[in-house]
Every structure is written in structure tokens, then in C-alpha cells.
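So that the names make sense, note that chain A is the first sequence line, chain B the second, and so on, each numbered from 1.
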2 protein chains.
Amino acid sequence: MQVLSTTEENYLKSIFQLLKEGSEKVGTNDIAELTGTKAASVSDMLKKLAAKQLLSYQKYQGVSLTEEGAKTALLILRRYRLWEVFLVEKLKFNWDEVAAIAEELEHVKAPPLVRRLDEYLGFPKFDPHGDPIPDEFGEWSHTPRMILQEVSPGNAGKVVAVTNSSAAFLKYLDKVGIYIGARIEVVDKVEFDGSLELRVDGEKTSFLSREVAANLQVILHPS
Amino acid sequence: MQVLSTTEENYLKSIFQLLKEGSEKVGTNDIAELTGTKAASVSDMLKKLAAKQLLSYQKYQGVSLTEEGAKTALLILRRYRLWEVFLVEKLKFNWDEVAAIAEELEHVKAPPLVRRLDEYLGFPKFDPHGDPIPDEFGEWSHTPRMILQEVSPGNAGKVVAVTNSSAAFLKYLDKVGIYIGARIEVVDKVEFDGSLELRVDGEKTSFLSREVAANLQVILHPS
DNA sequence: TATGATTTTTAGATTAGTCTAAAAATAATT
DNA sequence: AATTATTTTTAGACTAATCTAAAAATCATA
Ligand SMILES: [Mn+2]
Ligand SMILES: [Mn+2]
Ligand SMILES: [Mn+2]
Ligand SMILES: [Mn+2]
């Protein structure tokens with residue numbers, strides 16, 4: 001397990017996330033967009049990471065991570081999410097404020113720090129957005145989840161994760177009273193625009209657009 | 001208050017510490033030694049920091065910090081020591097294990113993070129080694145202290161700080177039962193080598209070399 | 001399948017931080 | 001005061017990470 005620069009770690013994590021939400025291979029431009037750089041810079045970095053055996057790369061063909069690359073990415077994600085938990089649980093930040101700070105803290109690599117932080121936080125399994133936290137071996141538990149948008153009317157479930165962590169999205173959820181753990185019943189689904197009418201915690205009635213509902217993951221209650 | 005790179009911050013903090021423990025001006029070689037670089041690199045950096053008004057510098061004449069440079073250094077030291085407190089108080093690291101980790105964490109600059117960390121820790125005034133923690137304006141309280149080595153036999157005091165934070169020194173203190181807050185009575189001082197015989201917490205009798213006693217600060221009990 | 005559009009790579013520069021080796025300045029010692 | 005020793009600066013080079021502009025490869029579509 002080699003020592004990587006902050007930049008290399010950021011690229012690796014970005015590639016991992018693109019792979020997770022899409023196809024087998026990711027392209028140079030997608031990486032450039034996510035990392036806020038230009039395609040030319042990405043090309044250089046891909047060669048570097050390929051030389052380090054962290055990804056497999058043939059010119060013009062896109063990249064995928066090697067076993068080692070994926071594991072390395074998971075350990076970075078582990079640090080990122082543990083710090084997110086710390087910031088929300090201990091320092092009382094709101095869940096929409098922690099991304100940028102955790103993005104810096106994740107690069108402090110001292111292994112005893114990560115271990116003790118994990119212990120101090122009570123070995124959390126999920127971060128404030130419901131995303132699973134890999135263990136020290138890069139393993140995580142992934143319970144099958146449903147996208148709220150795909151739940152048909154009459155069913156109820158519990159919100160377990162958000163798949164968008166932008167401040168705008170999270171603030172909106174705060175406003176309409178949706179949080180990780182909230183109980184949601186889908187009352188109706190509008191044919192025209194795919195928006196949902198639902199009850200939150202048995203009380204409040206909300207209307208969510210298709211875009212919003214597509215970014216909420218739930219576990220259905222047995223009916 | 002400009003944004004500085006990690007490297008610039010490390011130089012600035014090093015220069016501050018050299019100034020605090022010595023003369024009016026510090027030399028290029030001293031800085032190189034403390035930062036683990038070469039004199040040539042230091043010369044370059046001095047020009048850069050002088051251009052940013054953080055230190056005053058004339059070729060071959062050594063440097064001193066400007067008002068702004070000193071304040072900036074104090075704010076870095078603030079972050080460094082707050083993280084030290086966190087690592088010892090919350091994550092249960094020993095006081096000899098925290099230097100390298102805090103040295104990295106100090107560069108995470110998000111201001112709300114520092115504020116909330118301070119609050120979370122209960123606004124500590126001193127770090128685990130007894131060093132004062134500057135407030136958000138770069139101010140700190142400095143009670144007058146005595147060096148244990150200079151306390152004459154028959155007097156007693158309380159250990160308030162160590163002026164060496166090397167793991168070797170701190171582990172040795174652990175071994176002989178000396179800690180911040182320990183009550184110490186100077187029983188005798190050996191003329192020959194300046195070593196001290198003393199009682200710790202009224203119980204154990206210890207013998208400390210001149211070097212060790214020179215790195216302990218105490219406040220005398222009124223006699 | 002040729003042609004145009006898009007994506008990706010290369011070529012060549014730039015900046016921050018570092019180094020070694022040589023030159024210049026300052027300090028110490030005959 | 002001259003000479004030697006030490007310290008500091010400069011000159012020139014290197015690496016990591018970035019960019020723009022141009023070339024090359026792939027993809028899409030007529
Ligand atoms: Mn990051
Ligand atoms: Mn998260
Ligand atoms: Mn540092
Ligand atoms: Mn300290």
C-alpha cells in the first residue's frame with residue numbers, strides 16, 4: 001500500500017465514484033469535470049496511476065480500477081466518511097456543511113488516527129448521508145435499497161440514504177422535514193411529471209419532484 | 001489575512017518558534033535545520049514570505065516576523081494545539097504521539113472548523129504540554145513561570161509545562177511519574193552536575209538530570 | 001463508408017517547492 | 001589587516017501538478 005499524494009487520492013476517489021454510478025469504464029472528460037481539471041491534466045495523471053498499478057488504462061479506451069486501486073479508493077472513502085460523522089455528530093455541523101471540510105481531512109493518513117477516530121465515533125457503519133463506511137480492509141455491508149422514485153403508491157418505507165450531497169439538495173430536505181430514518185408513505189404518483197405525494201412520519205404531507213425522489217434511497221416496510 | 005500554502009505555514013511557524021526561543025533575528029541555516037530543508041530552499045521561501053509582508057528580510061541579515069506574520073503564526077499554532085488537545089483528550093493518544101498528526105491537521109484551515117473544535121473541547125487555554133493556546137485573535141495569556149532547574153532546594157511547585165515535546169523526553173517523564181499538574185518539591189541540588197533530587201506528589205523520590213529539569217516549567221507554591 | 005464532431009492525447013509552458021554546486025558576503029582568527 | 005571559515009545567496013536543474021493549443025484517435029451520422 002504505497003503512499004499517495006493528496007492529488008492522486010482525489011483522482012482515485014473520483015474515478016471510483018464515477019465507476020460506481022455508471023459503466024465499466026470512465027472517460028477522461030468525466031474525470032476532468034468531477035475533479036475540476038482539464039482533460040490534458042487527467043491524461044497525465046492516468047499514466048501515473050497506471051504506472052502505480054492502481055488502474056488499467058489503454059489510450060483512448062477509458063479506465064477502470066485494479067483490485068488495489070479500488071481498495072485504496074475505499075480506504076480514502078472510509079476516512080472521508082468517518083470525518084463526516086465526526087463533523088456532524090461531535091462538532092454539530094449540519095449535513096450540508098461537511099463535504100468540503102471532510103474533503104481535506106481525508107488526506108491525513110496516519111493509520112492510528114483513523115483507527116482511534118473510528119473507535120471514538122463508536123464504529124459507525126454509515127455516514128450522515130446514509131452511505132456505508134468501509135472497514136479497515138475496505139469492506140462494507142450493502143443492504144439492498146430502493147429508489148424512492150420507484151416505489152409505487154400505497155407502500156411505505158424508511159429513508160436510509162441520499163444519493164446527492166449538494167448543500168442545495170440537503171437544505172431542501174431539511175425544509176420539507178426529510179432526514180435519514182424518516183418514515184415515508186407514498187400516497188400518490190403523478191403520471192404527468194412523475195412527482196410524488198407522500199406523508200412523512202405519518203404527519204406532514206409533502207410533494208416531491210421526480211428529481212428529488214430519484215435521489216432518496218429507502219428500505220420498504222414489509223406490507 | 002491571505003491564504004497560505006501548507007509549506008508557507010510550516011516555515012512561518014518554524015520561524016516564530018525560533019524567534020520565541022532566541023534572539024531578535026533568525027538565520028537561514030537555523031530555519032533549514034528546523035524545517036528539514038536546505039539553506040538554498042529557505043532563501044527562496046524568505047523572499048516569498050517577505051513579498052507577502054509576513055517577515056522583514058534583508059539579504060544576509062537574518063529575518064524577523066512582521067506584526068502580520070507573527071499573528072498568522074499564532075493562528076497556525078492555535079490550530080496545532082487545539083488538535084493536540086483533541087488527540088489527547090478525545091482520541092486518547094499519549095502526549096508523546098500527537099506531534100506529527102497535529103502537524104498535518106493544523107493546515108486544514110476552514111474557520112468554522114476551528115471555532116467548533118475549540119467549543120467542542122471546552123475552549124482549552126493550554127495544550128497537553130502546558131503550552132498556551134492563542135485565541136482567535138492570536139492573543140494568549142502567559143503566566144510567569146520558573147524553570148525547574150532554577151528552583152532552589154526547599155521550594156515546591158506545580159509542573160505547568162514542558163519545553164521539549166520529543167517522544168523520548170515525554171516517555172521518560174511518564175516513566176518517572178511527572179505530568180502536567182504534578183506537585184514537585186526540590187529536595188536537593190547536586191553541586192557537581194546540577195542534577196536535582198525531588199519528591200513528586202509528596203510520594204516518590206526522583207532524580208532528574210540538569211537537562212531534564214531545564215525543560216520543565218513550574219509555578220512555585222507560596223511558601 | 002466517408003466526413004464531420006467529439007474525445008483524448010501530446011507538445012510545450014508555467015508555478016511551487018526542492019536540490020546541488022558555485023559565488024558572494026559576513027564573521028572569526030591569526 | 002589579511003586570511004580563513006562560515007553563512008547565505010544565486011544559478012541552474014528537477015519533479016509534481018497544472019494549463020492552452022494542436023494533433024491524433026474514436027465515434028456518429030449522413
Ligand atoms: Mn480530498
Ligand atoms: Mn457522505
Ligand atoms: Mn505542519
Ligand atoms: Mn504541544
Student: I'd like to check the salt bridge (charged side-chain N to carboxylate O under 4.0 Å, His left out) partners of B:Lys171; sequence neighbours left out, ordered by chain and number.
Tutor: B:Asp96
Student: Rounded to whole angstrom units, what separation is found between the CE atom of B:Met45 and the P atom of C:dT15?
Tutor: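 Rounded to whole Å, this separation is 16 Å.
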Student: OP1 or OP2 of C:dT9 versus the side-chain N and O atoms of A:Ser43: is any pair under 4.0 Å?
Tutor: yes
Student: Just how far, in rounded Å, is P of C:dT18 from CG of B:Leu46?
Tutor: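 Nearest whole value for this atom pair: 12 Å.
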Student: Do A:Val218 and A:Arg145 have side chains that get closer than 4.5 Å, going by heavy atoms?
Tutor: no
Student: Where the side chain of A:Thr28 is defined as all heavy atoms beyond and including C-beta, which of C:dT9, D:dT8, C:dC19 is the nearest nucleotide?
Tutor: C:dT9
Student: How many angstroms lie between CG in B:Leu74 and CZ in B:Arg79, if you round to the nearest 0.5 Å?
Tutor: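 Going from the CG atom of B:Leu74 to the CZ atom of B:Arg79 covers 11.5 Å.
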Student: Look at A:Lys38 and C:dT8 and indicate whether a side-chain polar atom (N or O) is within less than 4.0 Å of OP1 or OP2.
Tutor: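 So the side chain of A:Lys38 is outside the cut-off, no N or O lying under 4.0 Å from OP1 or OP2 of C:dT8.
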Student: The side chain of B:Tyr60 lies closest to which of these nucleotides: D:dT18, C:dT26, D:dT10?
Tutor: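 Of the options given, the side chain of B:Tyr60 lies nearest C:dT26.
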Student: Should B:Arg78 and B:Asp118 be marked as a salt bridge (charged side-chain N to carboxylate O under 4.0 Å, His left out) after you check the CA-CA gap, both sets of side-chain angles, and the distance that decides it?
Tutor: CA-CA 10 Å; B:Arg78 166 174 167 77; B:Asp118 193 21; 3.1 Å; yes
Student: Going by heavy atoms in the side chains, are B:Lys189 and B:Gln149 under 4.5 Å from each other?
Tutor: yes
Student: Counting only side-chain nitrogens and oxygens, does A:Lys59 get under 4.0 Å of the OP1 or OP2 atom of D:dT26?
Tutor: no
Student: Between P on C:dT6 and CG on A:Asp30, what's the gap in Å once rounded to a whole number?
Tutor: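 Roughly 15 Å, once rounded to whole Å.
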Student: Calculate the interatomic distance between A:Lys25 atom NZ and C:dT8 atom P; express it in whole Å.
Tutor: 12 Å
Student: For the pair made of CD1 in A:Ile31 and C1' in D:dT18, what is the distance, rounded to whole Å?
Tutor: 16 Å
Student: Among the nucleotides D:dT9, D:dT18, C:dT18, which one has an atom lying closest to any side-chain atom of A:Thr37?
Tutor: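 Nearest to the side chain of A:Thr37 among the choices is D:dT18.
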Student: On DNA chain D, does the nearest nucleotide to B:Gly27 precede the nearest nucleotide to A:Thr7 from the 5' side, or the other way round? Give the residue.
Tutor: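 The 5'-side residue here is B:Gly27.
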Student: Check this for me: B:Phe137, atom CZ, are more than 12 non-hydrogen atoms of other residues, nucleotides or ligands nearer than 6.0 Å?
Tutor: no
Student: Rounding to a whole Å, what distance do you find between B:Asp44:CG and C:dT20:P?
Tutor: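 Answer to the nearest Å: 14 Å.
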Student: Does a nitrogen or oxygen in the side chain of A:Asn29 sit under 4.0 Å from OP1 or OP2 of C:dT6?
Tutor: no
Student: Check whether the side chains of B:Ser56 and B:Ser64 place a donor and an acceptor atom closer than 3.5 Å, and report yes or no.
Tutor: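 Side chains of B:Ser56 and B:Ser64: pair found under 3.5 Å.
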Student: If I take atom CD in residue B:Glu8 and atom P in nucleotide C:dT18, what distance separates them, rounded to the nearest angstrom?
Tutor: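 Computing the B:Glu8:CD to C:dT18:P distance gives 10 Å.
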Student: Heavy atoms, side chains only, cut-off 4.5 Å: are B:Leu148 and B:Val186 in contact?
Tutor: yes
Student: Select one nucleotide: of D:dT9, C:dT20, C:dT10, the one nearest the side-chain heavy atoms of A:Lys47.
Tutor: C:dT10
Student: So, OP1 or OP2 of D:dA25: does either fall under 4.0 Å of a side-chain N or O from A:Gln61?
Tutor: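 No, no such contact exists.
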Student: C:dT9, OP1 or OP2 - any side-chain N/O from A:Tyr57 closer than 4.0 Å?
Tutor: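 So the side-chain polar atoms of A:Tyr57 do come within 4.0 Å of the phosphate oxygens OP1 or OP2 of C:dT9, strictly under.
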Student: How long is the line joining CD of B:Glu33 and P of D:dT7, in whole Å?
Tutor: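 Taking atom P of D:dT7 as the reference, CD of B:Glu33 is at 11 Å.
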Student: DNA chain D: stems of at least 3 consecutive Watson-Crick or G-U pairs, cut-off 3.5 Å?
Tutor: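 The stems are C:1-30 with D:1-30.
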